[in-house]
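A quick write-up on the structure given underneath.
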Amino acid sequence: MLEVTAAAARRTAVAAQGFADRRPAGTATRRHVLRAVDRTALLQIDSVAVAVRAHYMPVFSRIGAYDREVLDAAAWRHSARAPRALVEYWAHEAALIPVEDWPLMRWRMRRYTGGRWAGERRVLERNPALGRDILDVITSVGAASAGEIEKHLQVEPSGGRGPWWGRSDVKVVCEQLFAAGELSVDRRVAFSRYYDLAERVLPADALAARIDEEDAVRELLRRSARALGIATVADLRDYYRLSAGQTRPAVADLVDEGTLVPAAVRGWNEPAYLYAGMPVPRRARGTALLCPFDPLVFHRPRTERIFGFRYRLEIYTPEHKRVHGYYVYPFLLDGELVARADLKADRAKDALCVPGAFVEEGADVGAVAEALAGELRVMADWLGLSDVVVGERGDLAAKLAAQM
């Protein structure tokens, strides 16, 4: 069995995610954006926009400033010159994935035919004809939001309004049809999904592909392994939210075919697997701010195991109980997680606000403050904000403010 030091495993994990790649010297193009997505295999989507939407940030973290319209076009527009490259589906969570990976999710779509969760199933049971009615409307009028479909069906939305509660029955069934693969997302307007028939969003070859569950799971684990570089079975499972029963035999197959190389990482309590052919960098590289849903850190047990960095999202923690802040970005410096910054884009103040900044134990505070200040300035420019305003919370705040 291959033996790997914890430091080598960390360098491998960071490099596999694209942080050791050279950033574009000039303006980032569609090719640069899609290459970054190829490294991560998916971009998680989240509704929180306190600084910037979650799916935009991992690309910025890897290639620097780029036009977000390029990513929007790759995901939500199609033309003969620039075919749709990304599509929405349930991967790690709600995510953008390469169009060619959509058929790998058909087994999940089949499981979701009767509803993805209990609430959906109850809505379907009390509205057995609603799914057909929604499909008829979309077939007739084209891509539409749930609100527009409600108007066509002449129904009043039920319940209250809110991002996580009180969704109308129409919205719930649209989401169920999306999960089942009958609908896809043609575009987003003000972040609202515009649903269309999957056959009008996906290319014919993706729609025609039929991959059985075992083969699909093996392919998904192959993508997980490539994106992670070195990983435990739990890490591999988490990337696409696979079950233990699916993962165990697939991992064994990938070992047998030589895709995964069993490894023992010093200090890890679980066996690991190295993606075959994955280079192990001799020195640590990679400096970037990471959003809470970046694939490098979204599996918190892995983040703690690799970086010794305990990270929790505190959005749902009462303000007086928060340790670091509302929406905190870990800071990667030369391949190590050395700090964290609570960030907010304040358009009224034309500033990227940093209410709190905290340094990890043992890190060089001066060096961290200087590097973090540079990344914050680049991020502010990218977001079209003219200033960076640092607050007083945290043991890094004063040094960071002095660098701005």
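The residues of the chain are indexed from 1 along the displayed sequence. Here the structure is a predicted model, which means the values were calculated and not measured. Side-chain atoms are counted along with the backbone in the values below, which use heavy atoms only and exclude waters and symmetry mates.
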Salt-bridge present ([X], [Y]; N to O < 4.0 Å):
X	Y	result
Arg110	Glu213	no
Asp72	Arg68	no
Glu219	Arg223	yes
Arg187	Asp196	no

Any idea which heavy atoms bring [X] and [Y] closest together, and the distance?
X	Y	value
Asp387	Ala380	O-CB, 4.1 Å
Pro295	Tyr239	CB-OH, 3.3 Å
Ala54	Phe293	CB-CD1, 3.7 Å
Ala357	Val354	CB-CG1, 4.3 Å
Arg108	Ala91	NH1-O, 3.3 Å

- Item | Aromatic contact, Phe298 with His92 (centres under 6.0 Å) | yes

Within 45° of the six-membered ring axis of [Y] and under 6.0 Å from that ring's centre, is NZ or CZ of [X] located there?
X	Y	answer
Arg188	Phe191	yes
Arg84	Trp76	no
Arg241	Trp90	no
Arg193	Phe178	yes

Once the angle between the rings of His324 and Phe358 is folded into 0 to 90°, is it parallel (under 30°), tilted (30 to 60°) or perpendicular (over 60°)? perpendicular

